[in-house]
Every structure is written in C-alpha cells, then in structure tokens.
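Keep in mind that what you see is a predicted model, and the values were worked out from it rather than measured. In this chain, numbering begins with 1 at the start of the sequence shown.
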Amino acid sequence: MRITGGMYRGRTVICPPGIIRPAMDMMRESLFDQLGDLTGRSWLDLFSGSGCVGIEAASRGASPIHLVEMDKGKRETIMKNISYVECPVRLFMTDVWRFIPTAKMQYHYIYADPPFNMEGKTKLARTIDDAHLITDGGLFIIHYPSEEKGTWPEQIGMLKTIDERKYGRSMLRFFRNTRGWTQP
C-alpha cells in the first residue's frame, strides 16, 4: 500500500500480520480528496490495522492523530509505519469499545473501519455520539460492506448522514455532528 496524497505521497505502508482488510488506495484517495486540507484538524482512526488511514490524514495536515488497534501483533508494524510522521501520533493498543468512554478529547474527524462481519456498527456510531467524541460540525466516517447499505438510518443521535459513497464492495458513510453546529 502507498500513501495517495499530501506530504507523504508515495510512501509505502507495510501490512501487519494477521487478519486485515486495508482500505483500497482508490477509496482512500477519494475520501481524502473529498475532505480536502486537514491542517490543524484532529483525527481518530478506530480499528486502525496498519495505521495507513491515520498516516494519510497526517499527510494532508491533520494533527494530532490517534490510532486505536486491539491486535497487539500489529503494534510493531504500526510503529514502523508511523515512524516518519512528523505530527503527534499516538497509538492506543486497546479495544475500541474500551477506548471510547475513556477518550480524553474530541476529534474533528473519526474514521472507523471495523471488521466487515462485526455486529453492532450502528451501536458504535451511537456510542461515539453519546460520548461526545466529535467536535460540533465534525465528521464520523465509517467503512462497511455494501450489503449493509439499507440498514443504516439517516440519523443516529446528533449524527446526520450527509453523504454515502460506494467503492466496489465497500461503502463509506459520512455523518456530521449537528450538535451546536450551524451550516456555514
């Protein structure tokens, strides 16, 4: 895998051992092209796998970057992958469900790439909303299989769907945190 844009464009990202389903280059490039410049925006990458999406966010200016990955066997590879990133990057080796209630800050962007067979993806969105982890007007972006397309509500708590994109068997759904936010 390679970083698709920004200051680290072209850098190689190593896939860690174990079960992993890395976000496709085309999908990542489209995602970040849509988001634009992330300078000064915080980024949380849940189920981070290789750390590639967090590195891509850093490459486009996001800072700080927080990665959450439960599989301890991926730690060494993630640390190698993020070694050249110049902004603050912190890796939390814990279960996402344990991380959310203990998070110490709000994020402008939260990206989640849970296992495709994971149950409770909408519960994940509700838990993030209930914990107030997203800044007012911030985005929650989730990657899920296209077979689940019709199962997602338009709104979960204060998270309102603003876009949905399909990439082969993959979907990205964008939710805006409408709490305290007025459209510019």
Colleague: Donor-acceptor pair, R2 side chain versus G10 backbone, under 3.5 Å?
Modeller: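 Yes, because the side chain of R2 sits within donor-acceptor range (under 3.5 Å) of the backbone of G10.
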Colleague: Does CD in Q34 sit with more than 12 non-hydrogen atoms of other residues, nucleotides or ligands closer than 6.0 Å?
Modeller: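 Enclosed.
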Colleague: Tell me the closest heavy-atom pair linking I14 and S50, and the distance in Å.
Modeller: O-CB, 3.6 Å
Colleague: Indicate the atoms forming the closest heavy-atom contact of D129 with G157, along with that distance.
Modeller: OD2-CA, 3.4 Å
Colleague: Apply side-chain contact (heavy atoms from CB on, under 4.5 Å) to the pair M70 and W97, showing each step before the final yes or no.
Modeller: CA-CA 10 Å; M70 181 176 72; W97 299 102; over 6 Å; no
Colleague: Should L139 and I128 be regarded as members of a common hydrophobic cluster, given that ILVMFWY residues are connected when their side-chain heavy atoms come within less than 4.5 Å of each other, either directly or indirectly?
Modeller: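 Each belongs to a different hydrophobic cluster.
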Colleague: Quick check: are there more than 12 heavy atoms from other residues, nucleotides or ligands sitting under 6.0 Å from CD of E119?
Modeller: no
Colleague: Can you classify the ring geometry of Y144 versus W152 as parallel (below 30°), tilted (30 to 60°) or perpendicular (above 60°)?
Modeller: tilted
Colleague: Could you tell me the separation between the CG atom of N177 and the NE2 atom of H108, rounded to the nearest 0.5 Å?
Modeller: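 Separation between the atoms: 11.5 Å.
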Colleague: Quick one, V89 and W43 - any side-chain contact, counting heavy atoms below 4.5 Å?
Modeller: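 Side-chain contact under 4.5 Å: no.
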Colleague: Check whether any side-chain heavy atom of I82 lies under 4.5 Å from a side-chain heavy atom of L67, and answer yes or no.
Modeller: yes
Colleague: To the nearest 0.5 Å, what is the distance between CZ on R9 and OG on S59?
Modeller: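 Those atoms lie 9.0 Å apart.
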Colleague: What I'd like to find out is whether the side chain of M158 reaches to under 4.5 Å of the side chain of H132, using heavy atoms alone.
Modeller: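 Result no, sub-4.5 Å side-chain heavy-atom pair not found.
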Colleague: Can you hop from F175 to M118 via hydrophobic side chains spaced under 4.5 Å?
Modeller: yes
Colleague: For I65 versus A57, what's the shortest heavy-atom pair and its separation?
Modeller: CD1-CB, 4.0 Å
Colleague: Please answer whether the main-chain N or O of I3 pairs with a side-chain N or O of E56 as donor and acceptor at a distance below 3.5 Å.
Modeller: no
Colleague: Does L172 form a side-chain contact (heavy atoms from CB on, under 4.5 Å) with Y111? I'd like the steps, not just the answer.
Modeller: CA-CA 10 Å; L172 286 179; Y111 176 82; 4.0 Å; yes
Colleague: Which atoms form the tightest heavy-atom contact between A112 and L124, and what is the distance?
Modeller: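 Closest pair (atom of A112, atom of L124, distance): CB-CD2, 4.0 Å.
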Colleague: Could you tell me if the side chain of P145 sits less than 4.5 Å from the side chain of K121, heavy atoms only?
Modeller: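 Yes; the side chains approach each other to less than 4.5 Å.
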Colleague: Compare every heavy atom of M1 with every heavy atom of C52, then report the nearest pair and how far apart it is.
Modeller: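 Minimum heavy-atom contact is CB-CE, 4.2 Å.
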Colleague: Between R173 and E154 (salt bridge meaning N to carboxylate O under 4.0 Å), is one present in this structure?
Modeller: yes
Colleague: Listed by chain and number, what are the side-chain hydrogen bond (donor to acceptor under 3.5 Å, both in side chains) partners of S146, not counting sequence neighbours?
Modeller: none
Colleague: Calculate, to the nearest 0.5 Å, the distance between atoms OG1 and CZ belonging to T4 and F32 respectively.
Modeller: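 So the gap between those two atoms works out to 7.5 Å.
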Colleague: Working to the nearest 0.5 angstrom, can you tell me the gap between F174 CZ and T161 OG1?
Modeller: 11.0 Å
Colleague: Can you tell me how far apart NE2 (H66) and OG (S48) are? Round to the nearest 0.5 Å.
Modeller: 12.0 Å
Colleague: Does any non-hydrogen side-chain atom of I110 lie less than 4.5 Å from one of L133?
Modeller: yes
Colleague: Passes side-chain contact (heavy atoms from CB on, under 4.5 Å), R169 versus E147? Steps please.
Modeller: CA-CA 8 Å; R169 187 175 167 239; E147 297 84 27; 3.1 Å; yes
Colleague: With no hydrogens and no angle check, is any side-chain donor or acceptor of R11 less than 3.5 Å from a backbone partner on N81?
Modeller: no
Colleague: Distance check, rounded to the nearest 0.5 Å: D130 atom CG versus L159 atom CG?
Modeller: 9.0 Å
Colleague: Applying the 4.5 Å side-chain criterion to the ILVMFWY set and letting contacts propagate, would L46 and I142 be lumped into a single cluster?
Modeller: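 They do share one cluster, since a chain of ILVMFWY contacts under 4.5 Å joins L46 to I142.
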Colleague: Looking only at atom types and distance, does a side-chain atom of S30 sit under 3.5 Å from a main-chain N or O of M26, one as donor and one as acceptor?
Modeller: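 No, S30 side chain to M26 backbone: no donor-acceptor pair under 3.5 Å.
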Colleague: Would a single hydrophobic cluster contain both Y8 and L31, if residues Ile, Leu, Val, Met, Phe, Trp and Tyr are joined by side-chain heavy-atom contacts under 4.5 Å?
Modeller: yes
Colleague: List the atom of D71, the atom of M93, and the distance in Å for their closest heavy-atom pair.
Modeller: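 What the structure gives for the nearest pair is O-CE, 3.2 Å.
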Colleague: Is there a path of hydrophobic side-chain contacts, each under 4.5 Å between heavy atoms, that joins F47 and F140?
Modeller: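 F47 clusters together with F140.
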Colleague: Using a strict cut-off of less than 4.0 Å between a Lys/Arg side-chain nitrogen and an Asp/Glu carboxylate oxygen, indicate whether R60 and D33 qualify as a salt bridge.
Modeller: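 Salt bridge between R60 and D33, a charged N being under 4.0 Å from a carboxylate O: yes.
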Colleague: Do R41 and L35 have side chains that get closer than 4.5 Å, going by heavy atoms?
Modeller: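 A side-chain contact under 4.5 Å is absent here.
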Colleague: Below 30° counts as parallel, above 60° as perpendicular, anything between as tilted: where do the rings of F116 and H143 land?
Modeller: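 Rings of F116 and H143: perpendicular, as their planes differ by over 60°.
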